[in-house]
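Everything quoted here is computed from the prediction, not taken from an experiment. Just so you know, ligand 1 is whichever comes first in the structure, and atom 1 is the first atom listed for that ligand.
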Amino acid sequence: MTIKEIFETMDYGPAPENAAEALAWLVDQGSQFGHFINGDFTAPGTVFESKNPATGEVLAELTQATQKDVDAAVKAARAAQEGWAAMGGSGRATYLYAIARLLQKHSRLFAVLETLDNGKPIRESRDIDVPLVQRHFYHHAGHAQLMDDEMSDRAALGVCGQIIPWNFPLLMLAWKVAPALAMGNTVVLKPAEYTSLTALLFADICRQAGLPKGVVNIVTGDGAVGEMIVNAEVDKIAFTGSTSVGRKIREATAGSGKALTLELGGKSPYIVFDDADLDSAIEGLVDAIWFNQGQVCCAGSRLLVQEGVSERFHQKLRARMKTLRLGDPLDKCIDIGAVVDPVQHAEISRLVASATNCTVHQSAVNMPAKGCFFPPTLIEGLSPSDPLMQEEIFGPVLVSTTFRTPAEAVELANNTRYGLAATLWTENVNLALDVAPKLVAGVVWVNGTNMFDAAAPFGGVRESGFGREGGVEGLMAYTKPKAQSEALQPVVAFEGNAKGAAPEGIDRTAKMFVGGKQARPDSGYSRPVYGPKGDLLGHVGLGSRKDVRNAVEAANAAKGWAKTTGHLRAQILYYLAENLAARAGEFAARIDAMTGKGEGAAEVEASLQRLFSAAAWADKYDGLAHGVPIRGVALGMKEPVGTIGVLCADEAPLLGLVSAMAPAIAMGNRVVLAASEAFPLAATDLYQVLETSDVPAGVVNILTGPHKDLGDTMAKHLDIDAVWSFSSSDLSKMIEAASAGNLKRTWVNNGHAFDWSRDQSKRFLQAATEVKTVWIPYGE
Ligand code: NAI
């Protein structure tokens, strides 16, 4: 027999990983678990079963946490937090290194336990999940070490509630726990009810590492326990899971002052151009949609192929599908394991069964007769609006369609409410780097897919959530500025006296500023503005929902601003500052007349400085190139958030507006500004300055009227991407709750005054940008 013949006739033999040690560990623990609170395991309470989805066998029993358990965990975390933060970064780094080392030492045990519990192939848990977990702890041990020097103006948030899903049980734990601990926070983490075992093993590792009691607490149970954590006295909620639960958490935490990051679903496009290396693209696609049985938030689940190669590509794909082997996840020879639970299996089956007017292609090589297995599935011929093209299936199901031109590919790719990830394949570097910035996604992979690293920020835009995990952006989400802010004081408009309110000869009603033009309020109503002594200073329009809509339309028409260069935006901001400087006296007098504080001149000067700062930053607030341990580089590109609605501060009528507007437009955003409600006339005077500057129409829009009404409309508006509220009425709860609709980013004051006297441009620049991580091949 020749070697060729041997290869051709050789069949697969099973190569199972030995599960004895992992099973023995479970038995050692009594096969029943309580929670891990304050450094110890509690006695089991009311238990539920945790099963191996590949066999249906019960692996262990887990405790459904009660309110008392959650309270005890939060209390322990709270008690430990001060000491943990005070220990200093290098002290914390020692523990994180120790955890990383122990994870390495027990890596096989973790991998096998993960596969038993989740159903993912052992090749994946062993070669991808567990090494990435170790990498995360090593990387963040370094961040802890550097924090005191590099982030000396930032402090830990406090106690963090962390709720994670079942698709990457240990990896999601690492993504949440490592940065939180590095920055001096303590945590209460809830793993998903299907997959809690590696989290409990991790708890054991924390004990072995001698981690101070209460720094890590783990409670188990279902969504009800998640809700308890969300409502507990914690300082932050970090959630990964479905968009629907993410939305509920946004509503539940509204106005509570809790920081929030949401990493939610996706329907990520996988784009294959006609010049791509098709065989590589096929292998990439196997990773994109069949890695972890497609139960991946950033799975390349929507295939878009250029027409010229579509037939050939689909033929190759169908042929490749025939070689994908399903089976025992512990077998090193299988490609596809079990989906996590019969509930998920039923949901995937229901969605696939609902497919109409299309071709469904399935391949089931070696499919076991029993267990939670779902064959790799390809659905062709769906229309772009079909629910299966739009909704996350979260299983090994790929939907596909074709496109003709790159522009059409971009349009199809972005035709989704999500924005988590995107993959593109082409041999043409110009095309790749032209298309990558146009994709609305937090992560873009070029000629590769599903690559992750602790140094590279990961997270979405649109309804895929907000916040980043990994990289410096991930650390920002676990810290707050050290400077303490004071309580917010309501600022109310002055009342008029009879003399001042007398009718005048000329109408001095200021209009709105929308799309570069002055416009009357839609309501047709206005209100008088009085000075501190009751003298009438003018009238302003009462803006309403329609005015917000018009302003957003104008802002959206000015999208081109995002594509201008920082160099150009800097010049425009300098010019704006010059125009304001030319009228400094007038503005100072106006502010003094409105507020009576005599601080007008200083406020104008500070506003000029903010404009100059924003101009300075416009071409310097750059992204980073992240060194990642593969043959590539991950570019952290800063992109504008989009259209930002701002309720401007009352305590500094001009400075508050300028401090928010200038960095926002410097980064390429468009703004809809609601002028100070009590003192709006400095904002309305600014129209003329804007008109004589080179700011394109629609980039800055200014409305006047009640913050409550304008803020409510902004927060609900589906074409506004972020709302910032510095209003002196605390509208945090209303804005955060209403923002759940399209999961827009919010920055609200939660009862704290902003210190306008300090130049805090960096905080605004950060809020005005999203980082997009673009992975490109690079180096040897
Ligand atoms: P889920 O979002 O319900 O569960 C994720 C985590 O949230 C679990 O720990 C769960 O116990 C907890 N949870 C559930 N309800 C909660 C609530 N009201 N408050 C706080 N925590 C709560 O996801 P599920 O039901 O397991 O999967 C359903 C679908 O969600 C999947 O088919 C998939 O489409 C999507 N999903 C997306 C994930 C992602 O990474 N983007 C991960 C898991 C699920």
Side-chain angles (χ1 to χ4, degrees), residues 48 50 53 62 64-65 70 117-120 129 161-173 175-176 188-196 198-199 218-232 234 237-253 258 260-268 291-299 301 339-352 372 374 387-388 390-397 416-421 441-443 450 452 458-460 462-467 469 740 743:
F48 62 97
S50 186
L62 307 171
Q64 169 75 12
V70 172
D117 201 16
N118 168 280
K120 62 173 68 200
D129 294 46
Q162 306 184 316
I163 301 165
I164 57 173
W166 38 260
N167 52 349
F168 293 93
L170 188 65
L171 185 57
M172 288 302 105
L173 174 148
W175 281 23
K176 299 265 180 296
V188 175
L189 175 130
K190 189 194 86 63
E193 50 272 44
Y194 302 141
T195 55
S196 302
T198 46
I218 293 172
V219 290
T220 51
D222 60 13
V225 182
E227 274 181 60
M228 290 177 206
I229 296 177
V230 167
N231 294 320
V234 294
I237 293 293
F239 172 78
T240 298
S242 58
T243 295
S244 59
V245 172
R247 201 168 265 135
K248 277 192 212 163
I249 294 178
R250 171 66 294 179
E251 284 166 358
T253 54
K258 289 172 193 165
L260 179 65
T261 44
L262 298 174
E263 202 271 273
L264 309 174
K267 188 79 178 176
S268 300
F291 171 53
N292 200 16
Q293 296 67 250
Q295 305 165 125
V296 182
C297 50
C298 51
S301 52
V339 298
V340 75
D341 190 84
V343 171
Q344 278 301 119
H345 191 279
E347 179 61 6
I348 300 166
S349 308
R350 183 186 70 77
L351 287 166
V352 172
C372 246
F374 198 94
L388 291 178
Q390 293 292 333
E391 296 306 320
E392 191 174 38
I393 300 175
F394 226 64
V397 182
T416 163
R417 63 196 171 101
Y418 295 114
L420 193 50
V443 183
N450 272 340
F452 312 101
F458 181 90
R462 293 184 175 165
E463 292 184 33
S464 292
F466 44 77
E469 295 188 302
L743 287 164

Considering non-hydrogen atoms of the protein only, which is the closest contact for [atom], and what is the distance?
{"atom": "atom 13 (N) of ligand 1", "answer": "Gly223 CA, 3.6 Å"}
{"atom": "atom 33 (C) of ligand 1", "answer": "Phe394 CG, 3.3 Å"}
{"atom": "atom 26 (O) of ligand 1", "answer": "Trp166 NE1, 2.5 Å"}
{"atom": "atom 43 (C) of ligand 1", "answer": "Pro165 CB, 3.5 Å"}
{"atom": "atom 34 (O) of ligand 1", "answer": "Glu392 OE1, 3.1 Å"}
{"atom": "atom 23 (O) of ligand 1", "answer": "Ser242 OG, 3.9 Å"}
{"atom": "atom 12 (C) of ligand 1", "answer": "Ile163 CG2, 3.7 Å"}
{"atom": "atom 20 (C) of ligand 1", "answer": "Gly226 C, 3.3 Å"}

Hey, is [X] touching ligand 1 through its side chain, its backbone, both or neither, going by heavy atoms under 4.0 Å?
{"X": "Gln344", "value": "side chain"}
{"X": "Glu193", "value": "side chain"}
{"X": "Asn167", "value": "side chain"}

(request) Give a yes or no on whether atom 30 (O) of ligand 1 lies under 4.0 Å from any heavy atom of the protein. (result)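 Answer yes: something from the protein, a heavy atom, is under 4.0 Å.
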(message) Looking at atom 4 (O) of ligand 1, tell me if a protein heavy atom falls under 4.0 Å from it.
(response) no
(request) Identify which one of His345, Gln344, Gln293 satisfies the side-chain contact (heavy atoms from CB on, under 4.5 Å) criterion when paired with Cys372. (result) His345
(request) Give a yes or no answer on whether the side chain of Asn450 reaches the backbone of Ala299 with a donor-acceptor pair at less than 3.5 Å. (result)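 Such a contact is absent between Asn450 side chain and Ala299 backbone.
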Which of the atoms of ligand 1 are close to [X], meaning less than 4.0 Å from one of its heavy atoms?
{"X": "Gly241", "answer": "2 (O), 37 (C), 38 (C), 39 (C), 41 (N), 42 (C)"}
{"X": "Lys190", "answer": "8 (C), 9 (O), 10 (C), 11 (O)"}
{"X": "Gly265", "answer": "41 (N)"}
{"X": "Phe239", "answer": "2 (O), 6 (C), 7 (O)"}
{"X": "Ala192", "answer": "9 (O)"}
{"X": "Leu264", "answer": "41 (N)"}
{"X": "Cys297", "answer": "39 (C), 40 (O), 41 (N)"}
{"X": "Ile164", "answer": "6 (C), 8 (C), 9 (O)"}

Looking at side-chain heavy atoms only, is the closest gap between [X] and [Y] below 4.5 Å?
{"X": "Leu189", "Y": "Leu173", "value": "yes"}
{"X": "Asn118", "Y": "Tyr194", "value": "no"}
{"X": "Thr240", "Y": "Phe168", "value": "no"}
{"X": "Asp129", "Y": "Lys120", "value": "yes"}

(request) Grab the two heavy atoms, one from Ser464 and one from Gly419, that are nearest each other, plus how far apart they are. (result) OG-N, 2.9 Å
(request) Would you name the heavy atoms of Ile348 and Gly395 that are closest together and state the gap between them? (result)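 For Ile348 and Gly395, the tightest heavy-atom pair comes out as CD1-CA, 3.6 Å.
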(message) Check this for me: does any side-chain nitrogen of one of Glu227 and Lys248 sit under 4.0 Å from a carboxylate oxygen of the other?
(response) no
(message) Check Glu392 with Lys267, please: is the shortest side-chain N to carboxylate O separation under 4.0 Å?
(response)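 A salt bridge is absent here (no side-chain N lies under 4.0 Å from a carboxylate O).
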(request) Would you tell me which option among Val245, Val296, Asp341, Leu351 has the nearest heavy-atom contact to atom 17 (C) of ligand 1? (result) Val245
(request) Tell me yes or no: between the side chains of Ser50 and Asp117, is some donor less than 3.5 Å from an acceptor? (result)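 A donor-acceptor contact under 3.5 Å links the two side chains.
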(request) Using the test salt bridge (charged side-chain N to carboxylate O under 4.0 Å, His left out), find all partners of Glu469 that sit at least two apart in sequence or belong to another chain. (result)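 Applying salt bridge (charged side-chain N to carboxylate O under 4.0 Å, His left out) to Glu469 gives Lys176.
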(message) Test of understanding: with salt bridge (charged side-chain N to carboxylate O under 4.0 Å, His left out), list the residues that count as partners of Lys190, not counting sequence neighbours.
(response)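 In terms of salt bridge (charged side-chain N to carboxylate O under 4.0 Å, His left out), with neighbours along the sequence ignored, Lys190 is linked to Glu193.
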